[in-house]
Amino acid sequence: MSPNRSRTRPRAGRPGVRAAWGAVLALGTTAALTAPLTTASAASDPGTGDRDVRAVQTDYPQTTRTARLKMLTDTQAQGNAKFDPAKFGQFTDYFSSPDFAAHVALLPTGKVLLFSFESVEDNPQKEPAPTDVIGSRNAGRAYVWDPAAGEGPAAFKAVPPPVVDMPDGTNEPRPAPFFCAGHSYLPNGMVGVFGGNLGGNGGTGAKLALVFDPWTETWHQQKDLSVGRWYPTVVTDAEGRQVIMSGQSELGWGTPTPVIEQFPAKNTPVPLTKGQVPDGVAADRWKSDAPYRMDYPHLFSLNDGKIYGFGRDADQEWRFDPATQTRTQLPDRPDGGLRNYGSAIALPNGTQGPDSVLILGGNRNDPNTYRFSGGAWHKDTPRAFGRTQDDTLILPDSTLLTVNGSYDIRNYGNGDYNPNADLKYRQIELRDTAGKWTLGPSQRLPRGYHSNAVILPDGRIMVTGDELQQIANNPDITSGMNGTIEIYEPAYLHQGARPTLTRVPTGAVGYGSSMKVTTTTPGQVSRAVLMAPITSTHAVDTSQRHLDLEITARSGNQLTLKAPPSANAAPPGYYMLFLLDAKGVPSVAKWVKLTPGS
């Protein structure tokens, strides 16, 4: 599940090499837990006699999980007492979830799709994902969380993926192992998920293509991709097609595919309405390729209609034209070398849609951020320290939030597979509209690899992911609730009364058109903002987008807003509409659907 993409270190998730490396580090940095062999054990071992033989304990005690969670809870409360919620926001709820949430997607119903894998380990000092497992134990799982239903088990609904018989020779059908896939949204609000894990050989790419329907909360299997993909990236272009790049092929780790595919295929209509549910639909190949050496590149559809692909290698930065299916080289990223997993966002750009991208994190030794705009790179304002595995979000008021982060893959600062973390990575960072970063309060768990964060329609932030930390801090590992969710309330939720948004168009909204919305606080509204929902994994979110809408008229409780100018500015699909006051305090959002020709 977790191949370490460094060229000089063993890869996570591989039995043998990786397990041995993790064991060496663990034994070198922590005291081994030991227990004497029983008499029967000693007797069965010829030559031991009466010697005091001790064996390394391989399990992870519940007492340690409980004590760790208490320590993290206490230190979070102590450290956060100094932060004024009106300036820095605050962490509030913390509760159990039935899924690790290595993948997340905010649905246009307001619910959140969580999916990952069935764990093969409950010891956080071992790899829990079935990366190198074939057969029925290599299986995916998924749940839908309804924030309106609260925090207990009843708030989660199991929505398992289709049962498939993977081509691994075992003839053992199981829920599709779609973890470490790539995903983005179709214009009708459905989530397309591509690739996954066939199992074995350090992470072998699956050809899976699935669509999740948020309206019926069901999965639909599509025709297989032309090539296996393990760790691909998917982005929705201005036409509404999903463009799929990168990932390790069906031959296993070390064989990244250069093939670009799009879903649905060129001669198949793009699904625009709820009733257009893809089933057995094919993707097709582009004419050009994308020869990324490393997995999960950051892809963005910017306001010129082109897709900008920012690879983890500094020299693999390209622009792709969906109309001509061609690729153009961009300047090398100025930091040079290879980035680990780190975040990237398409920066807000008023009403015109994004035209620049900010690259953050991915290098624990580099706190700088890097902005690509106007065809060139610029070193942007640094954060307090370098971190990898971070998630950066655009908030409704155009500020940025970085949450999560760690030292490396499966390394929190004290060696691989050692859950004792350098707790500085728990602190969030906030970037104001002038570009200045400031450290803020700490989340409870130090979440690194496979961490995620989502902006909910009510303006709160859902923080989740990182199965190792969730396993290491589970108050009851036998409960079946082996994931966690934490809620962060940004400062704008502690700055007084919020504007209201009571009504938006129920039908599709056309580009450049006028739309009327209703508010009971018209005098409080100074700004209207559209925000695309988030679907992310491995610090990659290609969907996140922020656009201002011009307020062209006011009449009583009614505001007239001008929709984005084109699908280049905002690809077709569902967006959250927020109304903001002069301080940047947002309303609770309502969903608006942008559709060409409406």
Side-chain angles (χ1 to χ4, degrees), residues 1-5 10-23 26 58 60 97-104 114-143 160-161 164 166 168 170 172 174-183 193 195-206 208 228-232 247-248 252-253 295-296 341 389 406 408-412 416-419 447-452 464-472 474 477 480 482-484 536-540:
M1 177 74 176
S2 53
N4 189 329
R5 301 311 194 252
R11 297 193 298 277
R14 296 189 61 182
V17 173
R18 184 59 171 180
W21 178 252
T58 58
Y60 195 82
S97 160
D99 194 70
F100 297 131
H103 302 258
V104 297
L114 317 171
F115 62 99
S116 63
F117 51 87
E118 293 291 349
S119 178
V120 295
E121 272 291 345
D122 62 9
N123 184 341
Q125 294 172 316
K126 297 180 180 180
E127 175 58 59
T131 299
D132 275 313
V133 175
I134 64 172
S136 60
R137 294 186 71 203
N138 180 7
R141 68 183 186 190
Y143 292 83
V164 297
M166 300 298 291
D168 58 10
T170 65
E172 294 181 358
R174 85 301 299 257
F178 54 3
F179 54 93
C180 292
H183 32 92
V193 179
N197 178 43
L198 179 60
N201 202 16
T204 302
L208 293 167
R229 295 184 187 270
W230 169 245
Y231 289 69
Q248 307 298 317
W253 174 249
D295 48 273
Y296 278 131
Y341 298 115
Q389 327 302 331
S406 66
D408 204 341
I409 295 173
R410 302 300 201 215
N411 188 329
Y412 305 91
D416 288 359
Y417 294 95
N418 180 347
R447 299 182 192 260
Y449 195 50
H450 296 160
S451 63
N452 283 299
T464 188
D466 189 334
E467 60 273 11
L468 287 192
Q469 286 296 332
Q470 292 175 113
I471 290 172
N474 193 324
I477 197 64
N482 54 13
T484 58
S536 68
T537 186
H538 291 76
V540 172

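Keep in mind the model is a prediction, meaning the values are calculated, not measured. This chain uses plain numbering: 1 for the first residue, then up along the sequence.
Counting heavy atoms from C-beta outward, H103 and N452 have side chains that stay 4.5 Å or more apart. Counting only heavy atoms from C-beta outward, the side chains of E127 and R410 approach each other to under 4.5 Å. Under the 4.5 Å side-chain criterion, counting only non-hydrogen atoms from C-beta, E118 is not in contact with P130. Contact of the R141 side chain with the S116 side chain is registered, since non-hydrogen atoms from C-beta on lie closer than 4.5 Å.
At least one donor-acceptor pair closer than 3.5 Å links the side chain of D466 to the backbone N or O of G448. Here the side chain of N197 pairs no donor or acceptor atom with the backbone of F179 at under 3.5 angstrom. The backbone N or O of T537 lies less than 3.5 Å from no partner atom in the side chain of Y296, so there is not a single donor-acceptor pair. For T170 (side chain) and I134 (main-chain N/O), no donor-acceptor pair under 3.5 Å exists by modelled atom type. In this structure, the side chain of T464 engages the main chain of T484 through a donor-acceptor pair within 3.5 Å. Panel note: side chain R229, backbone Q248; no donor-acceptor pair is recorded below 3.5 Å.
Rounding to the nearest 0.5 Å places CD of Q389 at 4.5 Å from OG of S406. To the nearest 0.5 angstrom, E467 atom CD is 9.5 Å from D99 atom CG.
The minimum heavy-atom distance linking A176 with L208 is given by the pair CB-CD1, 4.0 Å. Summarising the geometry of A181 relative to V193, their closest heavy-atom pair is CB-CG1, 3.7 Å, with the distance given to 0.1 Å. Nearest heavy atoms, V104 versus L114: CG1-CD2, 3.9 Å. The two residues P419 and Q125 have their closest heavy-atom pair at CD-CG, 4.3 Å.
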- Step-by-step side-chain contact (heavy atoms from CB on, under 4.5 Å) determination, L468 to Y417: CA-CA 8 Å; L468 287 192; Y417 294 95; 3.9 Å; yes
- Task: I would like to know whether N482 and Q470 meet side-chain contact (heavy atoms from CB on, under 4.5 Å); could you show each step before the answer?
- Result: CA-CA 7 Å; N482 54 13; Q470 292 175 113; over 6 Å; no
- Task: Step by step, work out the side chain to side chain donor-acceptor pair (under 3.5 Å) result for Y341 and D408.
- Result: CA-CA 9 Å; Y341 298 115; D408 204 341; over 6 Å; no
- Message: Run N138 and M166 through side-chain contact (heavy atoms from CB on, under 4.5 Å) and show every step you take.
- Response: CA-CA 10 Å; N138 180 7; M166 300 298 291; over 6 Å; no
- Please test Y412 against Q469 for side-chain contact (heavy atoms from CB on, under 4.5 Å), starting from the C-alpha separation and ending with a verdict. CA-CA 10 Å; Y412 305 91; Q469 286 296 332; 3.5 Å; yes
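Between H538 and H450, the angle of the ring planes goes over 60°, which puts this pair in the perpendicular group of the 30/60° scheme.
Screening N418, I471, N474, I477 for a side-chain contact (heavy atoms from CB on, under 4.5 Å) involving P124 leaves a single residue, I471.
Residues F117 and F178 place their aromatic rings such that the two centres sit no closer than 6.0 Å. Side-chain rings of Y143 and F115 stay apart, their centers remaining 6.0 Å or farther from each other.
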